[in-house]
J.: 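Pasting a structure below so you can have a look.
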Amino acid sequence: MATFQFEAMDSAGAEVKDTVEAASEDEAQAQIRKMGYFVTKLNEKSDKKKQAKGKAKKIKKKGKSFTIGGVKSKLLCTFTRQLSVLQDAGLPVLRSLKILEGQMKPGVLKNSLIDVVDDIEAGCTLSEAFAKHPKCFDRLYVNMVKAGEAGGALEVILQRLAQFKEKAQSLKRRVTSAMIYPIVVILVAGTILGFILYFIIPKFKKIFMDFGVELPKITLILLEVSDWVVDYFYLIPLIPISFWLFCKLLRKNRSGAYFLDRIKLMLPVMGGIIEKSIVARTMRTLGTLVASGVPILEGLSIVRETAGNAVFERAFQKVIDSIREGDTIAQPLKEARVVDDMVVNMIDVGEETGDLDTMMNKVADVYDEEVDTLVESLVSLLEPLMIVFLGGTIGFIVIALFMPLIKLITELSG
């Protein structure tokens, strides 16, 4: 029989530290659960030799890889699902994290998990350890884990968090995949058009100049455009880069960010996709937080920070101020005019019936479907627009070149 030290939470959320004797770690876990405790840490007492081996192994394992940037949402989504499965199987948190850290490829998340394991061994809770790595685990993630620890239902919260992450990832993937085709077509068409203007048109210009043909207005316009491309080709990539930098600088100002985000929402079709995507994401986020036991003000604060749009951030701030004054969520949302009446009415019903989380998740499901429909509409709209634009451009070039050629052939044959 071995002696195991454990840290756990009782039904009231109070921390308990004690020891238990068992033949294995799984048996110790089962005994502690029978006591009515939820295990947060479980370690076997060992002699000094074993401890020395453990420390040597830990030092060897400590090597971290050099990384830049944050963690990919797909990787975090997979990690969350795997952690929820291990917790549902009854494994201790520490053991689950060690398993996932050991099988993970070098990267930002692996480096963070190495530190998380050390923090938990030092006595931190899972939420406290996650909170030290905001690049991997945002406030939404940390607060949901914290609520799961306090309620003694960490495995349930992790399942809910995994489902939330998977649905958010699915929505993002659908929008991204739908936009790949038109973006690729536009880039290829732009490259071909640039090649024609830079290499082909100047050759025709030389022919026209050598024969002294009187050029029509349409041809002169084409030649001027070609001359500009030849003389200032280096400015072509600088134009989108300069526009992007200008938008980044403008976004640093609160009023500028609000102005840009308001324009985004006013764009035809694309604005609708952005708006409905934000509504779906924020409603699902808030519904998940409320269902997990996170206080409504804390949940709204997290939603405001993760909205990703200054217009919605301002609207959620009004909601927060309204709740602090004792009002409801629905009324300030209605006054902000950032969501449809259907959303406001469903939230109002949810508040009255005490089923707010269910209503918000239903709103998110409806808006996910609407985003799919709008994305399909956008792709269907872009295809004929691209065909008309490319056909018109090529037709303009052909007419502009052939008009003086026909005149030249007529003069030479006459």
Side-chain angles (χ1 to χ4, degrees), residues 134 138-144 146-147 161 164 167-168 171-172 247-268 270-368 370-371 374:
D138 55 20
R139 280 187 65 196
L140 165 67
Y141 206 106
V142 172
N143 276 274
M144 284 190 66
K146 189 176 181 181
L161 186 56
F164 168 79
K167 286 187 177 181
L171 178 62
K172 183 180 177 182
C247 290
K248 290 286 284 184
L249 291 172
L250 191 61
R251 187 166 283 281
K252 290 187 178 294
N253 180 273
R254 186 174 294 179
S255 300
Y258 184 86
F259 173 74
L260 285 176
D261 287 336
R262 176 60 74 181
I263 288 176
K264 281 183 185 178
L265 296 176
M266 293 170 65
L267 294 172
M270 198 65 202
I273 293 173
I274 294 170
E275 178 188 336
K276 292 183 187 300
S277 297
I278 293 171
V279 172
R281 187 176 69 251
T282 53
M283 291 298 106
R284 195 178 299 284
T285 302
L286 188 55
T288 306
L289 288 167
V290 170
S292 304
V294 176
I296 188 67
L297 281 173
E298 181 67 22
L300 283 166
S301 178
I302 293 169
V303 168
R304 182 194 62 200
E305 291 179 7
T306 57
N309 186 285
V311 177
F312 279 85
E313 287 172 13
R314 187 175 293 186
F316 282 116
Q317 184 58 51
K318 289 179 181 178
V319 174
I320 291 170
D321 296 338
S322 174
I323 291 176
R324 281 176 179 159
E325 293 172 4
D327 294 332
T328 62
I329 299 174
Q331 188 57 35
L333 267 182
K334 185 177 182 180
E335 292 172 358
R337 295 181 181 178
V338 293
V339 294
D340 296 338
D341 289 339
M342 183 268 290
V343 178
V344 175
N345 292 333
M346 289 189 75
I347 289 174
D348 197 14
V349 170
E351 287 182 304
E352 288 181 6
T353 59
D355 209 14
L356 186 61
D357 57 318
T358 304
M359 286 298 180
M360 285 184 169
N361 283 319
K362 284 181 179 178
V363 169
D365 290 337
V366 170
Y367 271 72
D368 279 347
E370 289 192 16
V371 168
L374 281 173

J.: Using distance alone, with no hydrogens and no angle criterion, decide if Gln331 and Glu335 have a side-chain donor and acceptor under 3.5 Å apart.
T.: yes
J.: Tell me if a side-chain donor or acceptor on Thr285 pairs with a main-chain N or O of Arg281 at a distance below 3.5 Å.
T.: yes
J.: Check Lys362, Glu351, Met283, Met360 against Met346 for a side-chain contact (heavy atoms from CB on, under 4.5 Å) and give me the one that passes.
T.: Lys362
J.: Indicate the atoms forming the closest heavy-atom contact of Ser301 with Arg139, along with that distance.
T.: OG-NH1, 3.4 Å
J.: Is there side-chain contact between Ile296 and Leu356, with heavy atoms separated by less than 4.5 Å?
T.: yes
J.: Taking all non-hydrogen atoms of both residues into account, name the closest pair between Ile302 and Asn143 and its distance.
T.: CD1-ND2, 3.5 Å
J.: Could you measure the distance from the CZ atom of Arg304 to the CZ atom of Arg314? Nearest 0.5 Å is fine.
T.: 13.0 Å
J.: Over all heavy atoms of both residues, which pair between Gly293 and Ala147 is shortest? Give the atoms and the distance, please.
T.: C-CB, 4.5 Å
J.: Could you check whether any side-chain N or O of Asp261 sits under 3.5 Å from a backbone N or O of Asn309, counting only pairs where one atom can act as donor and the other as acceptor?
T.: no
J.: Which atom names give the shortest non-hydrogen contact between Val371 and Ile273, and what distance separates them?
T.: CG2-O, 4.3 Å
J.: Give, for atom CG of Asp138 and atom CE of Met144, the distance between the pair rounded to the nearest 0.5 Å.
T.: 10.5 Å
J.: Assess, by modelled atom type and distance only, whether the side chains of Arg262 and Tyr258 contain a donor and an acceptor separated by less than 3.5 Å.
T.: yes
J.: Do Ile274 and Leu265 have side-chain heavy atoms sitting under 4.5 Å apart?
T.: yes
J.: If only atom types and distance count, is the side chain of Asn361 paired as donor or acceptor with the main-chain N or O of Asp357 below 3.5 Å?
T.: yes
J.: How far apart are the C-alpha atoms of Val349 and Glu352, what are their side-chain angles, what is the distance that settles it, and do they pass the side chain to side chain contact (heavy atoms under 4.5 Å, CB included) test?
T.: CA-CA 5 Å; Val349 170; Glu352 288 181 6; 5.6 Å; no
J.: Determine yes or no for a side-chain-to-main-chain donor-acceptor pair under 3.5 angstrom, with Asp340 supplying the side chain and Met342 the backbone.
T.: no
J.: Heavy-atom distance under 4.5 Å between the side chains of Val319 and Val303, does that happen here?
T.: no
J.: For the residue pair Met359 and Ile347, establish whether any side-chain heavy-atom pair is separated by less than 4.5 Å.
T.: no
J.: As an exercise, state the distance from CG of Leu289 to CG of Leu140, rounded to the nearest 0.5 Å.
T.: 5.0 Å
J.: Taking all non-hydrogen atoms of both residues into account, name the closest pair between Ala364 and Ala280 and its distance.
T.: CB-O, 3.4 Å
J.: Under 4.0 Å between a Lys/Arg side-chain N and an Asp/Glu carboxylate O for Arg284 and Asp368?
T.: yes
J.: Less than 4.5 Å apart, side chain to side chain, heavy atoms only: is that true for Asp365 and Lys167?
T.: yes
J.: Quick check: closest heavy atoms across Leu333 and Val339, and the distance to 0.1 Å?
T.: O-CG2, 4.3 Å
